[in-house]
Amino acid sequence: METKDILVFIEQRDNVIQSVSYELLSEARKLVKQIKHVKFEVVGILLGSNLGQLPHDVLNHGADRVYVADHPELAHYSTLRYTHVISELVKQHKPDAFLIGASVIGRDLAPRIAARLDTGLTADATKIEINPNEENTSELWITRPAFGGNLFGTIVCPNHRPQMATIRPQVLDADFFQANRPGIILNLPYKPMEDSVRILKRTKKHNTGPDITHANILVSGGRGMLNCFDLLDEVAVLTGGVVAASRGVVDKGAAPKDIQVGQTGKTVRPRLYLACGISGAVQHTAGMDKSETIIAINSDPQAPIFGVATIGIVGDARAILPLVIENLKAYKQKHS
Amino acid sequence: MNIIVLVKQVPDTTEMKIDPIHGTLIRAGVPSIINPDDMAGIEAALSLKDRYGGTITAVSMGPLQAERMLREILGRGVDQAVLLSDAKFAGADTWATSTTLAAWLKTQTFDLIIAGRQAIDGDTAQVGPQVAEKLGIPQVSYVESIEACDGTWLRLSKAYEEDSELLEVKLPALITTLSTMNRDRGMNAVDAWAAYDKPLTLVRFSDLDLPESDVGLKGSPTQVRKIFTRSLEAASLKTDLSPEDAARLITDVLIKTMEA
C-alpha cells in the first residue's frame with residue numbers, strides 16, 4: 001500500500017484547540033524532516049462546528065494541509081461520528097502515520113479508529129522517533145511506559161498502515177509557530193448520522209481545585225505525608241503553588257484523583273516540584289521528571305526519588321515543612 | 001438485564017520494584033490481583049443486577065491460572081465465568097485481544113458489556129473501545145457513575161479531564177469503568193460458598209470462528225521492539241542537614257521560583 005504523510009488529530013473543545021494537538025504538530029514537523037527519502041507533509045484533521053479561523057491556527061502551528069469537517073453535529077465529540085469521518089478520510093488520504101493526543105477524547109477515539117482500519121495502535125506514548133537503524137524508512141519507534149511506569153517498551157507497527165499512536169499531553173514541546181503560514185484547507189463533506197449516545201448535560205467537576213498541570217510550583221506528598229497534607233496546603237498557599245499527590249495517597253482515599261501525578265495520573269512540568277515523603281517509584285517519576293527543578297525530601301536515603309531530584313534532602317518532611325512555613329511567613333511579613 | 005463483564009488478572013504494579021543492579025523488573029513475589037478498573041466494573045454490574053435483575057457473566061482472556069481470579073469473582077456474586085485461554089492467544093496486542101474477545105462475544109446475547117477503563121500492567125485503555133467497534137455497538141469510556149436504565153437507554157456520567165458529561169447510551173452498548181466509581185462489596189458467605197458450584201467455561205482457540213493469523217503474537221499489528229527500565233542516576237544527596245538548614249535551603253528555592 002502506498003502511504004504518505006503524517007496525520008494529526010486536532011482536538012477542539014468548545015472551539016479551543018487543545019495544546020496537545022499543537023505539541024503533536026510540532027513533533028510531526030520534526031519527524032517529516034528526518035524522513036529523507038520521501039517528502040511527507042504534516043496533515044491535520046479538525047472536526048467541529050463554526051470553526052472560523054481555527055484551520056489557520058492549525059497551519060500556523062505546523063500543518064501543511066488541514067482537512068476540516070464543519071457541521072453542528074460535530075460540535076461536540078461523538079465517538080461514532082468522529083470515528084466515521086476520520087476513518088473515511090484515512091482510507092482516502094492513506095497517511096503513513098497518525099498521531100492523536102492521549103486525552104480522554106483521544107483515548108476513546110483512537111482505539112475505535114484503529115479497530116475499524118485494522119491497524120496497530122500504541123497507547124499513551126512518551127517518545128516518538130524514526131527507526132534509527134535503517135536508512136530510507138518512515139517506520140516509527142514509539143516508546144511508552146508500562147507496568148505502572150516500571151518498564152518502558154518501544155513499539156513498532158511493521159506491516160500495517162497508518163502507524164497509530166496516542167501521545168501523552170505535555171511530554172512533547174509545542175515549539176513550532178509561524179504567523180500567516182500558507183497551507184491548504186480542504187473541507188470534507190459530512191452527512192448527518194444518528195448517534196446512539198446523547199449528551200444530556202455537561203458540568204464542571206465540583207472538586208476541581210487549581211489544575212496541577214498548569215502550576216508553577218507543585219507541593220507534592222506521598223505516603224510519608226499521610227495525615228499531614230495540611231502542611232502541604234499551607235506551603236502551597238504561601239507560595240501560590242498547588243498541592244499534588246502520589247498514587248499511594250490517592251489509592252488510600254486521602255487525596256482526590258485529579259491531583260495525582262504519575263503514569264496513572266497526570267504528567268506535570270512545573271518550574272519547581274517539591275516532593276515530600278514520596279519514595280519515587282518509576283510510576284510516579286514518569287509523570288514529573290521533566291520538572292525544571294525537583295527538590296525531594298525523604299527519610300530513606302535509598303528512595304528512588306533521589307535519582308531524579310535536583311536537590312535531595314534526607315530527612316523527615318513532617319519536621320522540615322513547619323520550619324519552611326515559618327520562614328515563608330517571616331519573609332512575607334518583611335516584604336508586605 | 002444480561003451483563004458481560006470483561007476482567008483481567010494483573011500483577012500489582014504498586015508492589016513492583018526494579019533490581020537496581022541489573023535494571024530488570026522483579027516480578028517474584030508480586031501478587032496477582034483483579035485489575036482495579038475491572039473490579040469497579042464487577043461492582044457496577046452487581047448493583048445493576050440488584051436494581052434490574054438479570055445475569056452477570058465474567059469473561060477473561062489469559063493463562064489458565066486466571067481461573068483462580070474468576071472463582072474469586074464468582075464468589076463476589078457473579079453468576080458464571082468464561083476463560084478464553086490457549087497458547088495460540090499468547091502475546092496478543094490490543095487488536096488481537098479485542099478480535100479474540102469479540103469472536104466469542106458475537107456468539108452471545110447481552111444488553112451491556114462492562115470493561116475496566118484500562119489495566120494497570122499495560123495501561124492502554126484500548127481493548128474496551130476495540131471490542132465495541134468489532135461488535136458494532138456504541139461505547140462510553142471513562143464512566144464515573146451509572147444513574148439508571150429504562151431497558152433501552154442507560155444513563156451514566158462520563159469523566160473528562162475537567163468536567164463531567166451526563167449521557168444516555170442505547171443498549172446494547174459497551175462501557176468502560178473507572179476504579180474510583182464505587183467501592184466493592186467484598187465477598188459474602190453464600191456466594192463464596194457457591195463459587196465452586198457455579199459454571200466456569202474454558203474457551204479454546206478451536207472453539208472460535210477465527211483464522212490463526214488473527215490471534216496472539218502473530219495476529220498483532222504492533223510488536224515490541226525493545227523493553228527497558230529507566231536507569232536512575234545517583235543524585236547529590238544532602239544527608240547531614242539539620243531540619244533548620246534544610247528548611248532554609250527549601251525556602252530559598254521556593255522564594256526564587258515565586259519571584260522569577
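Letters go in sequence order (proteins before strands), and every chain restarts at 1.
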Relative to chain B, which segment of A/Val235 carries a heavy atom at a distance below 4.5 Å: side chain, backbone, both, or neither?
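Answer is side chain: those atoms of A/Val235 sit under 4.5 Å from chain B.
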When heavy-atom pairs shorter than 4.5 Å are enumerated against chain B, which of A/Arg202, A/Arg198, A/Arg116, A/Lys201 gives the highest number?
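Heavy-atom pairs under 4.5 Å are most numerous for A/Arg198.
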Please find the pair of heavy atoms, one from B/Gln130 and one from A/Ala114, that lie closest to each other, and give the distance.
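For B/Gln130 versus A/Ala114, the nearest heavy atoms are NE2-CB, 3.7 Å.
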What residue, out of A/Arg271, A/His76, A/Glu326, A/Arg107, has the most heavy-atom pairs lying under 4.5 Å from chain B?
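So the answer, after comparing A/Arg271, A/His76, A/Glu326, A/Arg107, is A/Arg107.
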Beyond-backbone contact of A/Thr203 with B/Leu166, side-chain heavy atoms, under 4.5 angstrom:
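No, every pair of side-chain atoms sits at 4.5 Å or beyond.
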If you count heavy-atom pairs within less than 4.5 Å of chain B, which of A/Asn159, A/Thr119, A/Leu80, A/Thr83 leads?
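Looking at each of A/Asn159, A/Thr119, A/Leu80, A/Thr83 in turn, A/Thr119 comes out on top.
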For A/Glu139, is it the side chain, the backbone, both or neither that has a heavy atom under 4.5 Å from a heavy atom of chain B?
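Side chain only.
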Using a 4.5 Å cut-off on heavy atoms from C-beta on, say whether the side chain of A/Ile297 contacts that of B/Ile250.
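The answer is yes; the side chains approach within 4.5 Å.
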Could you give the distance from CG (B/Asp163) to CG (A/Asp14), rounded to the nearest 0.5 Å?
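Answer rounded to 0.5 Å: 8.0 Å.
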Would you give the length of the straight line joining atom CG of A/Asp251 to atom OG1 of B/Thr180, rounded to the nearest 0.5 angstrom?
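Answer rounded to 0.5 Å: 10.0 Å.
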Just by distance, do the side chain of B/Glu161 and the backbone of A/Val104 share a donor-acceptor pair under 3.5 Å?
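Present.
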Salt-bridge criterion met for B/Glu162 and A/Arg13 (N-O under 4.0 Å):
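So B/Glu162 does not pair with A/Arg13 through a salt bridge.
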Over all atoms of both residues, closest heavy-atom pair of A/Ile313 and B/Ala246:
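Looks like CG2-CB, 3.9 Å.
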Need one label for B/Ser141: side chain, backbone, both or neither, based on atoms under 4.5 Å from any heavy atom in chain A.
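Both the backbone and the side chain of B/Ser141 come within 4.5 Å of chain A.
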Determine the option with the most heavy-atom pairs under 4.5 angstrom with chain B, choosing from A/Asp124, A/Leu121, A/Thr166, A/Leu109.
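Ranked by heavy-atom pairs under 4.5 Å with chain B, first place is A/Leu121.
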If you count heavy-atom pairs under 4.5 Å between each of B/Arg155, B/Met258, B/Lys170, B/Gln139 and chain A, which one has the most?
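When all of B/Arg155, B/Met258, B/Lys170, B/Gln139 are compared, B/Gln139 has the most.
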Given heavy-atom pairs under 4.5 angstrom as the criterion, report whether the side chain, backbone, both or neither of A/Thr213 touches chain B.
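Neither the backbone nor the side chain of A/Thr213 comes within 4.5 Å of chain B.
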Heavy-atom pair count under 4.5 Å with chain A, highest-scoring of B/Ala132, B/Pro36, B/Ser98, B/Ser157:
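Greatest number of close heavy-atom pairs with chain A: B/Ala132.
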B/Thr257 versus A/Glu292: any side-chain heavy-atom pair under 4.5 Å?
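SC-SC contact between B/Thr257 and A/Glu292 ruled out.
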In terms of heavy-atom proximity below 4.5 Å to chain A, should B/Ile255 be classed as side chain, backbone, both, or neither?
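Only the side chain of B/Ile255 comes within 4.5 Å of chain A.
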Please classify the contact of A/Ile295 with chain B as side chain, backbone, both or neither, using a heavy-atom distance under 4.5 Å.
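When you check distances to chain B, only side chain atoms of A/Ile295 fall under 4.5 Å.
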Run the salt-bridge test on A/Asp118 and B/Lys134 with the 4.0 Å N-O cut-off and return the result as yes or no.
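Yes, A/Asp118 and B/Lys134 are salt-bridged.
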Identify which part of A/Leu328 has an atom lying under 4.5 Å from any heavy atom of chain B, answering side chain, backbone, both or neither.
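Contact with chain B is through both the backbone and side chain of A/Leu328.
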Would a distance-only check, ignoring hydrogens and angles, find a side-chain to backbone donor-acceptor pair under 3.5 Å from B/Arg225 to A/Ile142?
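Flag not set: sc B/Arg225 to bb A/Ile142 has no pair under 3.5 Å.
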Indicate the atoms forming the closest heavy-atom contact of B/Gly122 with A/Arg144, along with that distance.
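Where B/Gly122 meets A/Arg144 most closely, the heavy atoms are O-NH2, 2.7 Å.
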Taking A/Gly241, A/Gly120, A/Ala123, A/Ser196 one by one, which has the highest count of heavy-atom pairs under 4.5 Å against chain B?
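Highest number of heavy-atom pairs under 4.5 Å: A/Ser196.
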Contact class of B/Leu154 relative to chain A, heavy atoms under 4.5 angstrom:
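No part of it gets close to chain A.
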Taking CZ in B/Arg185 as the centre, count heavy atoms belonging to other residues, nucleotides or ligands within less than 6.0 Å. Is the count above 12?
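For B/Arg185, atom CZ is crowded (more than 12 foreign heavy atoms under 6.0 Å).
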Using non-hydrogen atoms only, which part of A/Leu321 is less than 4.5 Å away from chain B: side chain, backbone, both, or neither?
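Nothing of A/Leu321, per the 4.5 Å heavy-atom cut-off to chain B.
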Nearest 0.5 Å, what's the CD-CG distance between B/Glu133 and A/Leu117?
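Between atom CD of B/Glu133 and atom CG of A/Leu117 there are 8.5 Å.
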Could you measure the distance from the CG atom of B/Asp93 to the SG atom of A/Cys157? Nearest 0.5 Å is fine.
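With rounding to 0.5 Å, CG (B/Asp93) is 8.5 Å from SG (A/Cys157).
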Using a cut-off of under 4.5 Å for heavy-atom pairs, which of B/Glu165, B/Glu168, B/Gln118 has the most such pairs with chain A?
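Option with the top pair count is B/Glu168.
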Which atoms of B/Lys256 approach chain A - backbone, side chain, both or neither, heavy atom under 4.5 Å
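No part of B/Lys256 comes within 4.5 Å of chain A.
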Could you give the distance from CD1 (B/Ile120) to OG1 (A/Thr264), rounded to the nearest 0.5 Å?
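B/Ile120 atom CD1 to A/Thr264 atom OG1 measures 8.5 Å (nearest 0.5 Å).
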Interface moiety of A/Thr239 toward chain B, non-hydrogen atoms closer than 4.5 Å:
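Both parts, backbone and side chain.
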Just wondering, are more than 12 heavy atoms of other shown residues or ligands nearer than 6.0 Å to CD in B/Glu259?
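Above 12, so yes.
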Any idea which heavy atoms bring B/Pro129 and A/Asp108 closest together, and the distance?
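B/Pro129 and A/Asp108 have their closest heavy atoms at CB-O, 4.1 Å.
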Measure distances from A/Ile325 to the heavy atoms of chain B and classify the residue's part below 4.5 Å as side chain, backbone, both or neither.
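Neither part.
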With a cut-off of 6.0 Å (strictly less than), are more than 12 heavy atoms of other residues, nucleotides or ligands near CG of B/Asp150?
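Above 12, so yes.
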Count the heavy-atom pairs under 4.5 Å between each of A/Val197, A/Leu238, A/Ile113, A/Asn216 and chain B, then report the option with the highest count.
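Looking at each option in turn, the highest pair count goes to A/Val197.
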